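Working notes, beginning with the structure itself.
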Amino acid sequence: MTGPILIETLLNGLITGSIYALIGSGIALIYGTTRVLNFAHGEMMMLAAYIVLILFTSVGLPLSVAALGAILLVMVAGIAMQRLVIAPMLSKDDWSFRVIAATIGLSIFLQSAAQLIWGEGFNALPYFFDGVLVLGEVRMPWQRIMILVVALIALGLSALLLYRTRFGQMIRATAQDAEAAEAFGIPAGRVHTMVFALSAGLAGIGAIMLAPLLSVNPWMGAPYILKAFAVVILGGLGSFGGAIVAGFLLGIIESFGVAFTSSEWRDVISFALLIAVIWVRPYGLFSTREG
């Protein structure tokens with residue numbers, strides 16, 4: 001492998017890993033705060049992509065404005081999911097299974113609704129950033145580079161929110177013990193709602209940046225939600241930072257694995273890594289829990 005190919009392979013791995021980190025960190029944040037496994041998280045990606053498509057093609061908004069609008073609207077969808085679907089179940093004794101079944105059902109419902117409303121066709125969006133970066137023999141489309149840049153900014157701002165703000169303290173206190181947090185005046189229910197909104201926003205950012213490279217379709221979130229759950233397990237269930245690191249790690253390993261084999265081996269490499277890690281560390285790479 002020559003130097004330029006090595007650099008391009010590493011960049012592709014970081015770019016792919018940044019998408020995994022965006023989606024996986026949202027799932028980890030939800031689980032770490034509420035102990036809910038949200039199997040409809042991939043449909044937040046799909047909704048965000050369709051919203052930006054509609055705002056751009058039908059409403060006529062500039063692409064950047066449509067993207068911001070889509071992020072805000074998908075955060076509202078995350079709030080609606082938590083308040084209308086998740087919250088009513090949390091008071092039940094067997095809420096864990098109920099929530100898993102409900103989010104799987106919601107995922108199927110949203111995919112079917114998208115097919116009925118927008119059809120089964122594949123829709124394209126223009127690039128946010130045109131052109132190709134050329135550094136010597138290294139070539140990389142600006143759209144792909146900006147996926148990494150935007151993802152790093154979004155993850156960095158999310159980390160600042162969680163670890164440097166009053167709201168972040170409320171999230172971490174609720175994650176540790178929701179009942180104790182409420183006893184100290186922290187509204188755990190509202191915290192849960194805002195965590196779903198933040199997680200949906202992260203998924204929406206990933207989908208919107210990916211949309212010009214992929215076709216917008218009702219099933220676009222499904223492959224990424226599988227990788228996101230792999231990332232969450234690799235990083236340690238509920239670990240926001242662990243999911244980010246695991247996302248980038250998985251992306252890089254996939255990229256080099258495909259470079260030495262073929263694209264057909266991408267999923268095999270990902271889940272073989274997952275099995276190997278679970279075999280050695282059942283609770284993930286960055287979990288503090290002991291067996």
Side-chain angles (χ1 to χ4, degrees), residues 1-25 45 48-49 52 56 62-68 71 122-160 202-216 220 223-224 226-228 230-231 234-235 241-274 276-277 285-286:
M1 182 177 288
T2 63
I5 294 177
L6 177 65
I7 294 172
E8 289 180 5
T9 302
L10 178 60
L11 278 174
N12 282 323
L14 289 171
I15 292 163
T16 301
S18 69
I19 297 295
Y20 294 163
L22 277 173
I23 305 167
S25 62
M45 289 185 65
V52 72
F56 175 68
L63 189 56
S64 57
V65 176
L68 291 174
I71 293 169
F122 290 73
N123 304 276
L125 272 177
Y127 280 15
F128 288 89
F129 306 93
D130 294 318
V132 177
L133 173 66
V134 179
L135 291 175
E137 298 182 30
V138 177
R139 299 173 61 87
M140 187 64 59
W142 276 110
Q143 177 67 31
R144 293 185 62 81
I145 293 172
M146 293 310 297
I147 288 175
L148 177 60
V149 173
V150 170
L152 288 174
I153 292 172
L155 292 169
L157 291 176
S158 299
L160 286 175
L202 290 173
I205 291 170
I208 290 166
M209 295 304 296
L210 270 177
L213 302 178
L214 304 175
S215 297
V216 180
M220 64 179 297
Y224 286 93
L226 291 175
K227 296 295 179 66
V231 162
L234 285 172
I244 293 174
V245 175
F248 281 104
L249 179 63
L250 183 62
I252 292 170
I253 290 174
E254 274 190 5
S255 183
F256 278 95
V258 168
F260 285 107
T261 56
S262 66
S263 59
E264 287 80 6
W265 286 86
R266 181 182 301 274
D267 291 342
V268 175
I269 293 167
S270 300
F271 292 104
L273 174 64
L274 175 62
V277 169
L285 293 171
F286 303 99

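From a predicted model like this one, the values you see are computed outputs, not experimental measurements.
Looking at every heavy atom in both residues, Ile23 comes nearest to Ala228 through CG2-CB, 3.6 Å. Considering all non-hydrogen atoms of both residues, Pro126 and Leu63 come closest at O-CD2, 3.6 Å. Annotation for Ser25 and Leu202: closest pair OG-CD1, 3.8 Å, computed over non-hydrogen atoms. When every heavy atom of Ala230 is checked against every heavy atom of Phe271, the shortest pair comes out as CB-CE2, 4.1 Å.
With hydrogens and angles ignored, the 3.5 Å screen pairs no side-chain donor or acceptor of Glu137 with any backbone N or O of Pro4. In this structure, Thr16 contributes its side chain and Gly13 its backbone to no donor-acceptor pair below 3.5 Å. With hydrogens and angles ignored, the 3.5 Å screen pairs no side-chain donor or acceptor of Ser255 with any backbone N or O of Gly251. A donor-acceptor contact shorter than 3.5 Å links the side chain of Gln143 to the backbone of Met209. Of the possible donor and acceptor atoms, one in the side chain of Glu8 sits under 3.5 Å from a partner among the backbone N and O of Arg139.
With sequence neighbours left out, Tyr224 forms a side chain to side chain donor-acceptor pair (under 3.5 Å) with no residue at all.
Identified under the side-chain hydrogen bond (donor to acceptor under 3.5 Å, both in side chains) test for residues 148-160, with sequence neighbours left out: none. Screening residues 142-159 for salt bridge (Lys or Arg N to Asp or Glu O under 4.0 Å), with sequence neighbours left out, gives no hits.
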